[in-house]
Amino acid sequence: MHRNLYSASLLDLCFVRELMVQIMEARTTDKILHALETFRIEVPSWGFANTGTRFGKFIQAAAATTTEEKFSDAGQVQALTGICPTVALHVLWDLPDGLGSTTEVGKLADRYGVRPGSINPNVFQDQIYKYGSFGNPDERARRQALEHSRLSVQIAKELGSRDVSFWFTDGSNYPGTANIRERKRRFEESLKAVHAELAPNQRMLVEYKPFEPAFYHTDIADWGMAMHFARSSGSQAKVLVDTGHHYQSQNIEQIVAWLLSEDMLGGFHFNDRKYADDDLTLGSIDPYQVFRIFHEIVFFEWETGKPADIAYMIDQSHNLKGKIEAMLQTVNMAQELFAKATLVDHERLAAAQKNSDLIRAESCLQDAFATDVRPAIREWRKSKGLPEDPLEAFRSSGYLERISVQRAERNNAGVSSYA
Ligand code: LRH
Ligand code: MN
């Protein structure tokens, strides 16, 4: 009699346990599906082009050269993933005629189903910028940089782009060759002038980088300098964090937490690196790093109860991997790592942090990071009529074969050498 009761209760227990597991899994899946509804990430036009290092460029026949080809490739990524509705444009590379190119770009956006995203001025490749742009002692270089920046704001208005994203190569290579305080003053002056051009709904993003191409000092070298310049420019200026722009072992998620706390975080340029600004595909070296960044943002949103106004963007140049495949791989990785970060049990974490329960707190992140979110992501894609595996869908689409034939001749004509 007892044995039956015991085995019956054991069975009940297993059943209840199974039920609990299913409920937990269903809850986890719901959390992921909800998070995926709003997660969007912008692709960079230059990620589809033939790029290289200073030691050479390995030409890909299928690489995009024209702005139309970049929109076409970005259109593929959007069609296959459903989470990349915008493409970042670099003014000199994608809008060769400046304002004169906006009509054509508008048509391309309609034709390929991706909208122009952040507008990136280029005040670093012209010869006049040898000693810098806004920081340059030569007033002519500063004036040209300001004109180009004002034009970039106009272009953004024409294209309906919200963000104008600034990165400067300004700096010096040898001690004593630059008056760092003087250059700082010039940057404050010029950035304020650019900010004054913004429409009420627009933002100015200030990107920092510790070195390269300047190798002694860089005028906007870290988050603190970028935050200072953003604040001194005006209320619509925020900081852009490029994950590749940090010294080894720098705690990037702490910078993110600070910028969130200061309401100065505007956006990200995601990529990965082992050494410096290597522009490797996101999560290829340190996926837990990206997870920790997403965790700080999702935790902040849980605490404040409101979504953080952040532009998630990719900034990579694919020197060896197929450009579109690398982009699809990156978008997929970003989606997975963001989904994992939404699984952190924030109630449990906050309590553990309050009680300095280190193991429990840490395991909140590790449990979420260890969760396989791929089945739920596949379910979300299916529910949207999207391919469950975008990369496989791309490989069997024939698109790569088609563009390789169409573009080979022009690309193979473009071989260049370092010196
Ligand atoms: C500089 C940078 C910047 C760009 C460029 C393509 O390293 O990150 O964001 O404009 O890459
Ligand atoms: Mn960048």
Side-chain angles (χ1 to χ4, degrees), residues 41-54 57 63-64 67 70 74 86-95 116-126 129 132-135 145 148-149 152-153 155-156 161 163-171 191 194 203-215 218-223 225-226 229-230 237-247 250 252 255-256 259 265-282 289-290 293 310-319 323 326-327 330 334:
I41 190 161
E42 179 166 294
V43 296
S45 66
W46 53 93
F48 299 111
N50 271 320
T51 52
T53 71
R54 58 187 171 150
K57 188 193 282 192
T67 306
K70 293 167 186 171
T86 57
V87 55
L89 301 175
H90 232 288
V91 174
L92 292 188
W93 305 338
D94 303 318
L95 296 115
S118 62
I119 300 300
N120 295 256
N122 182 320
V123 289
F124 51 82
Q125 79 185 35
D126 285 10
Y129 298 132
S133 62
F134 287 172
H148 176 78
S149 301
S152 302
V153 173
I155 287 172
S161 293
D163 292 338
V164 183
S165 190
F166 284 89
W167 171 66
F168 302 90
T169 56
D170 286 56
L191 287 169
V194 176
R203 299 189 308 175
M204 192 167 111
L205 302 181
V206 181
E207 183 177 0
Y208 58 88
K209 185 174 182 178
F211 64 90
E212 189 203 39
F215 292 109
T218 294
D219 288 300
I220 310 183
D222 67 23
W223 69 276
M225 297 176 196
F229 283 127
K238 304 284 184 186
V239 176
L240 186 145
V241 176
D242 185 314
T243 48
H245 293 182
H246 299 88
Y247 299 113
Q250 199 163 3
I252 303 175
I255 294 170
V256 169
L259 291 170
L265 180 61
F268 284 91
H269 276 181
F270 282 120
N271 47 68
D272 212 332
R273 70 332 161 21
K274 180 97 184 77
Y275 303 103
D277 190 16
D278 310 345
D279 274 346
L280 303 178
T281 44
L282 184 74
Q289 163 67 83
V290 184
I293 289 172
I310 298 172
Y312 294 124
M313 300 175 276
I314 295 165
D315 179 4
Q316 289 169 191
S317 51
H318 307 115
N319 301 333
K323 318 271 176 194
M327 204 69 83
T330 299

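Everything numeric in this text was worked out from a predicted model, so none of it was measured. Start at 1 and go down the list; that is how both ligands and their atoms are numbered.
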Taking the non-hydrogen atoms of Glu212, is any one of them nearer than 4.0 angstrom to ligand 1?
no

In degrees, rounded to 10 degrees, what angle do Asp242 atom OD2 and Asp315 atom OD2 make at the Mn ion (ligand 2)?
100°

Give a yes-or-no answer on whether the side chains of Gln289 and Thr243 include a donor-acceptor pair shorter than 3.5 Å.
no

Could you tell me the residue and atom name of the protein heavy atom closest to atom 9 (O) of ligand 1, and the distance to it rounded to 0.1 Å?
Glu207 OE1, 2.7 Å

Below 30° counts as parallel, above 60° as perpendicular, anything between as tilted: where do the rings of Phe134 and Phe166 land?
tilted

Ligand-side contact atoms (ligand 1) for residue partner His90, heavy atom cut-off under 4.0 Å:
4 (C), 10 (O)

When you measure from atom 11 (O) of ligand 1 to every protein heavy atom, which one gives the shortest distance, and what is it?
Asp315 OD2, 3.1 Å

N, O or S from His269 under 2.8 Å to the Mn ion (ligand 2)
yes

Which is it for His245 and ligand 1 at heavy atoms under 4.0 Å: side chain, backbone, both or neither?
side chain

Output the atom name for the N/O/S atom of Glu207 with the smallest distance to the Mn ion (ligand 2).
OE2

Do Asp94 and Trp46 have side-chain atoms, one donor and one acceptor, less than 3.5 Å apart?
no

What is the minimum heavy-atom distance between Val164 and Ala156, and which atoms define it?
CG2-CB, 3.8 Å

Tell me the contacting part of Asn122 for ligand 1: side chain, backbone, both, or neither, using a 4.0 Å heavy-atom threshold, strictly below.
neither

Is there a donor-acceptor contact under 3.5 Å from the side chain of Asn120 to the main chain of Leu89?
yes

Is the closest N or O pair between Trp46 and ligand 1 shorter than 3.5 Å?
no

May I ask you to decide if the ring planes of Phe124 and His90 are parallel, tilted or perpendicular, using 30° and 60° as cut-offs?
perpendicular

Judged by atom type as modelled, is there a donor-acceptor pair below 3.5 Å linking the side chain of Lys238 to the main-chain atoms of Gly267?
no

Got an N/O contact under 3.5 Å between His269 and ligand 1?
yes

Need the ligand 1 atom indices (1-based, order shown) with element for anything under 4.0 Å from a heavy-atom of Asp277.
7 (O)

